[in-house]
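Data block below; observations after.
Throughout, numbering of the chain's residues begins at 1 and tracks the sequence. Reckoned from all heavy atoms, side chains included, excluding hydrogens, waters and symmetry mates. Remember, it's 1-based here, ligands and their atoms both numbered in the order they're listed.
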Amino acid sequence: MKEIAIIGFGVVGGGVAALIDENAPAIRRMAGDEVHVKYILDLRDFPDSPYGDRVIHDVNILLDDPEIALVVETMGGVNPALTFSREALSRGKHVVTSNKELVAKHGKELMELAAANGAAYLYEASVGGGIPEIRSMRTSLAGDEIDAVSGILNGTTNYILTRMRDGGISFEEALAEAQELGYAEKDPSADIHGFDAQRKIMILTAVATGYIVKEEDVYTETMSRLTVADMDAAKRIGGAVRLIGSFRREGECAAISVCPRIVMNDNPLAHINDVYNGVAVTGRLTGDVLYYGRGAGRYPTAGSVIADIIAAFSGAYKCESHPTWEAAPAGFVKDFAESSCRMYIRVSGSRAEIQESAALLFGDVEILDASPAGKTEFITPVLAERVIREAMPSLPGSVESAVRML
Ligand code: HSE
């Protein structure tokens with residue numbers, strides 16, 4: 001029998017306990033032994049839960065118990081999850097987590113601690129909920145160089161963007177709807193300002209390259225300024241606005257960002273709607289691989305945690321690439337101002353007023369038809385971000401919106 005503890009008995013932690021019971025025969029077969037939840041650490045009591053009698057409030061009980069072979073950390077946040085994970089790993093206990101903030105900020109240290117103590121630190125549930133992209137990249141794609149990852153990594157914002165486009169409602173209305181449905185938190189900042197997706201693209205970059213980058217090196221832009229006019233423009237262009245987390249190798253460097261982008265309809269990411277997530281991975285030899293599924297939620301995320309528990313107990317984790325991460329060398333992340341793309345720009349002013357200046361400033365621009373009254377919309381050719389930013393203030397009208405094309 002393998003005894004485990006769950007720290008943080010919220011939506012995901014509760015799902016893990018329930019799935020361990022529900023899928024006991026399959027888990028026993030794959031993990032090589034029965035897995036049993038001995039303790040649940042939480043600040044609260046759960047008198048009505050079937051697991052209520054296993055709830056403890058003192059972490060030392062599980063840390064000091066030699067029977068506990070693995071700790072599931074579903075607390076979220078850095079503290080005290082970091083301290084608890086460090087303590088568990090240094091006692092040789094495996095740690096399995098869904099905590100993307102902790103993995104992005106302290107995963108390197110925790111993986112090294114795990115390796116030094118003959119344990120595993122596994123994090124499949126930290127990105128993309130139930131989508132099995134991390135283990136797949138670390139095993140099935142391990143023979144290839146991964147040159148790019150772009151993804152819809154945040155379900156809350158994808159729901160908001162879908163509703164703005166299909167329902168014609170404002171950002172504020174769509175956010176309120178997402179909150180009512182329980183998709184967005186009361187304080188939605190981490191989702192809408194891109195920090196949640198930033199942590200996820202940091203993790204996926206590390207899975208792809210073995211290098212963990214600093215969060216301040218990842219250009220991250222809010223999606224809260226987007227309007228229904230942006231959604232309509234994207235539709236007319238033949239695409240959809242999506243919040244895209246992106247990593248792309250460029251020689252010895254990488255371009256890494258999180259920002260809204262117009263994704264053209266020939267890209268499958270344009271068709272990923274509502275709270276679903278999608279991750280497109282480009283292998284140098286393999287070409288494009290697409291993962292799609294539920295990026296959050298009790299059972300999808302708990303299922304990823306269970307897969308990590310099985311990998312830890314079966315020893316399968318020892319055959320995965322990049323068991324530890326290195327800090328990315330200086331200069332690895334390219335200055336975002338030097339990255340290039342086409343940009344959709346909407347300016348106040350008539351076509352007659354804007355067209356000539358736009359062509360002088362940006363070159364071969366594509367002027368859009370059917371723009372809203374009093375506005376001119378155009379798409380620049382591929383130019384460096386710096387060039388576009390420097391030229392925009394010289395347009396004769398004020399810039400109402402600028403959205404990068406993927
Ligand atoms: N807030 C996150 C999202 C939860 O909306 O995708 C899953 O990480």
Original post:
Taking both backbone and side-chain atoms of Thr156, is any N or O found less than 3.5 Å from an N or O belonging to ligand 1?
Top reply: yes
Subject >> salt_bridge(Arg135, Asp308) N-O dist < 4.0 Å >> reply: yes
**OP:** Show which atoms of ligand 1 fall inside a sub-4.0 Å distance from at least one heavy-atom site of Gly295.
**Re:** 7 (C)
Original post:
So, are Lys200 and Asp196 salt-bridged, with charged N and O less than 4.0 Å apart?
Top reply: yes
**OP:** Not counting sequence neighbours, which residues clear side-chain hydrogen bond (donor to acceptor under 3.5 Å, both in side chains) with Thr282? List them please.
**Re:** Asp288
**OP:** Please determine if Arg386 and Asp335 form a salt bridge, counting it only when a charged side-chain N lies under 4.0 Å from a carboxylate O.
**Re:** no
Original post:
What residue and heavy atom of the protein are closest to atom 6 (O) of ligand 1, and at what distance?
Top reply: Gly155 N, 2.8 Å
**OP:** Give a yes or no on whether the ring-centroid distance for Tyr121 and His94 is below 6.0 angstrom.
**Re:** no
**OP:** Give the residue and atom name of whichever protein heavy atom lies nearest to atom 1 (N) of ligand 1, and the separation in Å to one decimal.
**Re:** Asp191 OD1, 2.9 Å
Original post:
Which bit of Asn154 is near ligand 1, meaning a heavy atom under 4.0 Å away: side chain, backbone, both or neither?
Top reply: both
Original post:
So, the side chain of Asp217 versus the backbone of Val333: is there a donor-acceptor pair under 3.5 Å, distance only?
Top reply: no
Original post:
Has ligand 1 got any nitrogen or oxygen that is less than 3.5 angstrom from a nitrogen or oxygen of Lys100?
Top reply: yes
**OP:** Please say whether Lys200 places an N or O atom under 3.5 Å from an N or O atom belonging to ligand 1.
**Re:** yes
